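As structure tokens, the structure follows; a few thoughts come after it.
All values below were derived from every heavy atom in this structure, side-chain atoms included, with hydrogens, water molecules and symmetry-related copies excluded. Letters go in sequence order (proteins before strands), and every chain restarts at 1. Since this is a predicted model, take the numbers as computed values, not measurements.
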Amino acid sequence: MENCEFCKIRSKAVETLTQDEVQLLQENCAEVDLVADENIIKEGSLSSHIAYLKEGLAKIHKKGVKGTDQILKIVQPGSYIGIQTVLTSKVHQYSASAVENSKVCYIDITSFKQLLSTNAAFAKELVIYLCQDELSYFNRFVNVHQKQLDGRMADTLLFFADEINKSRIFTIPLKRYDLAALICSTRESVTRALKDLSDIGTIKVNGNSFEILNYELLKKISEKG
DNA sequence: GCATTAACCACAG
DNA sequence: CTGTGGTTAATGC
């Protein structure tokens, strides 16, 4: 199982590695099974490793001023977690936790740095990865700040339907208060937004199970904010 | 002023 | 933990 060479979900960056380099990676990484709610990395703790999400789903979150966490994003398999601090800080600047049972590979930071400095193609792929990541934050920033609640709720429903589950019937493994932390709102408002959306017939809600009944309308609400 | 939006609070299941 | 109702502050006609 801990075989980088035959890993089914190798990143584009790892694809660029030579046989020897893959060997180096393999010797310095460990695969770990996590159950829902377990920490992957913790804000403020030593960043001796970076994580690569292999299976499952995770949330990236950061302490806010009021003590409550803000969820920055939900990440899928194939995501690197904690690379932002590789070259600078020795301490993680944010936390990540599994929101469902997941598999994570922890890669020793020293070997990772070594690969970065010896293999330009590897470094380039990571720059591309980080740029895409940043662009997604730009989008989210604008969306979260300019859209009203129902629009933001519609956004995340579409995200889970289209990008995570690729189905109009899906579940969201987050509590209401987590959804609130994700769309910058409160749990009460999340409840009401979901109620609004189901009252007008766009979605059907049953606990954490959702079904999109009127995709076009939901899309419109998401776009108009 | 009046309406809308969403947070905050309290309480119940 | 979640849903609901009342209250309240901010913002926009």
Side-chain angles (χ1 to χ4, degrees), chain A residues 33-45 53 55-77 81 93-104 136-225:
Chain A
D33 285 310
L34 296 171
V35 299
D37 273 350
E38 273 190 290
N39 244 214
I40 296 171
I41 62 170
K42 191 167 170 7
E43 180 175 357
S45 73
L53 187 62
E55 272 181 48
L57 212 56
K59 62 178 177 186
I60 307 297
H61 51 114
K62 187 168 171 62
K63 289 250 167 301
V65 273
K66 294 174 207 153
T68 49
D69 275 20
Q70 165 86 63
I71 297 183
L72 295 161
K73 69 167 359 180
I74 300 294
V75 296
Q76 302 195 65
I81 298 168
Q93 301 295 303
Y94 58 84
S95 296
S97 335
V99 295
E100 57 183 39
N101 296 346
S102 304
K103 282 188 200 299
V104 165
S136 79
Y137 281 115
F138 287 174
N139 284 327
R140 226 176 94 72
F141 188 86
V142 173
N143 286 340
V144 156
H145 285 282
Q146 298 199 341
K147 288 180 183 176
Q148 299 185 171
L149 196 58
D150 286 2
R152 308 205 298 268
M153 195 67 242
D155 276 351
T156 61
L157 289 169
L158 288 168
F159 170 72
F160 276 98
D162 294 342
E163 296 188 37
I164 308 272
N165 295 282
K166 307 205 186 330
S167 164
R168 292 186 185 191
I169 300 175
F170 56 95
T171 62
I172 298 181
L174 296 176
K175 304 290 188 188
R176 291 291 185 267
Y177 57 78
D178 267 340
L179 279 175
L182 179 62
I183 66 175
C184 305
S185 181
T186 60
R187 58 169 195 86
E188 295 99 319
S189 295
V190 167
T191 297
R192 286 177 178 123
L194 289 172
K195 195 168 178 298
D196 284 351
L197 293 172
S198 39
D199 282 349
I200 57 175
T202 47
I203 56 168
K204 198 165 89 182
V205 186
N206 183 7
N208 285 330
S209 302
F210 297 83
E211 179 176 356
I212 296 180
L213 302 173
N214 187 340
Y215 188 87
E216 295 310 314
L217 183 54
L218 191 61
K219 194 96 185 164
K220 200 169 287 176
I221 292 171
S222 146
E223 280 161 8
K224 291 210 171 172

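Scanning for salt bridge (Lys or Arg N to Asp or Glu O under 4.0 Å) contacts around K42(A) gives an empty result, with sequence neighbours left out. For E38(A), there are no salt bridge (Lys or Arg N to Asp or Glu O under 4.0 Å) partners two or more places apart in sequence or in a different chain. Annotation: side chain to side chain donor-acceptor pair (under 3.5 Å) contacts of K62(A) (sequence neighbours excluded): E43(A). Partners of D37(A) according to the salt bridge (Lys or Arg N to Asp or Glu O under 4.0 Å) rule, which considers only residues two or more places apart in sequence or in another chain, do not exist here. In terms of the side chain to side chain donor-acceptor pair (under 3.5 Å) criterion, T191(A) has no residue partners (sequence neighbours excluded).
Among residue pairs with one or both ends in residues 170-181 of chain A, those qualifying as salt bridge (charged side-chain N to carboxylate O under 4.0 Å, His left out) are K59(A)-D178(A); sequence neighbours excluded.
Residues from residues 183-202 of chain A that place a heavy atom under 4.0 Å from any atom of DNA chain C, listed by number: R187(A), E188(A), T191(A), R192(A), K195(A). Of all the residues in residues 139-161 of chain A, not one reaches under 4.0 Å from DNA chain C with any non-hydrogen atom. The stretch residues 174-181 of chain A touches DNA chain C through K175(A), R176(A), Y177(A), each having a heavy atom within less than 4.0 Å of the strand.
Side-chain atoms of N39(A) do not come within 3.5 Å of backbone N or O of S97(A) as any donor-acceptor pair.
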Under 3.5 Å, which donor-acceptor pairs link side chains of residues 149-163 of chain A to any protein atom two or more places apart or in another chain?
from	atom 1	to	atom 2	distance (Å)
R152(A)	NE	I183(A)	O	2.7
R152(A)	NH1	K147(A)	O	3.0
R152(A)	NH2	I183(A)	O	3.1
R152(A)	NH2	C184(A)	O	2.9
D155(A)	OD1	K147(A)	NZ	3.0
D155(A)	OD1	S222(A)	OG	2.6
D155(A)	OD2	K147(A)	NZ	2.9
T156(A)	OG1	M153(A)	O	3.0
D162(A)	OD1	Y215(A)	OH	3.4
D162(A)	OD2	Y215(A)	OH	2.6

Using distance only, find each side-chain donor-acceptor pair of residues 204-211 of chain A under 3.5 Å and give its atom names and separation, not counting sequence neighbours.
none

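In this entry the distance linking CD1 of I172(A) with P of dT2(C) reads 12 Å, nearest Å.
Of all the heavy atoms in R140(A) and L72(A), the pair that sits closest is NE-O, 2.9 Å. Shown here for L174(A) and V99(A), the closest heavy-atom pair between the two residues is CD2-CG1, 3.7 Å.
Salt-bridge formation is detected for the pair D199(A)/K195(A): a Lys NZ or Arg NE/NH1/NH2 atom is positioned less than 4.0 Å from an Asp or Glu carboxylate oxygen.
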Just the table, please: protein N/O against nucleotides 7-13 of chain C N/O, every pair under 3.5 Å.
none

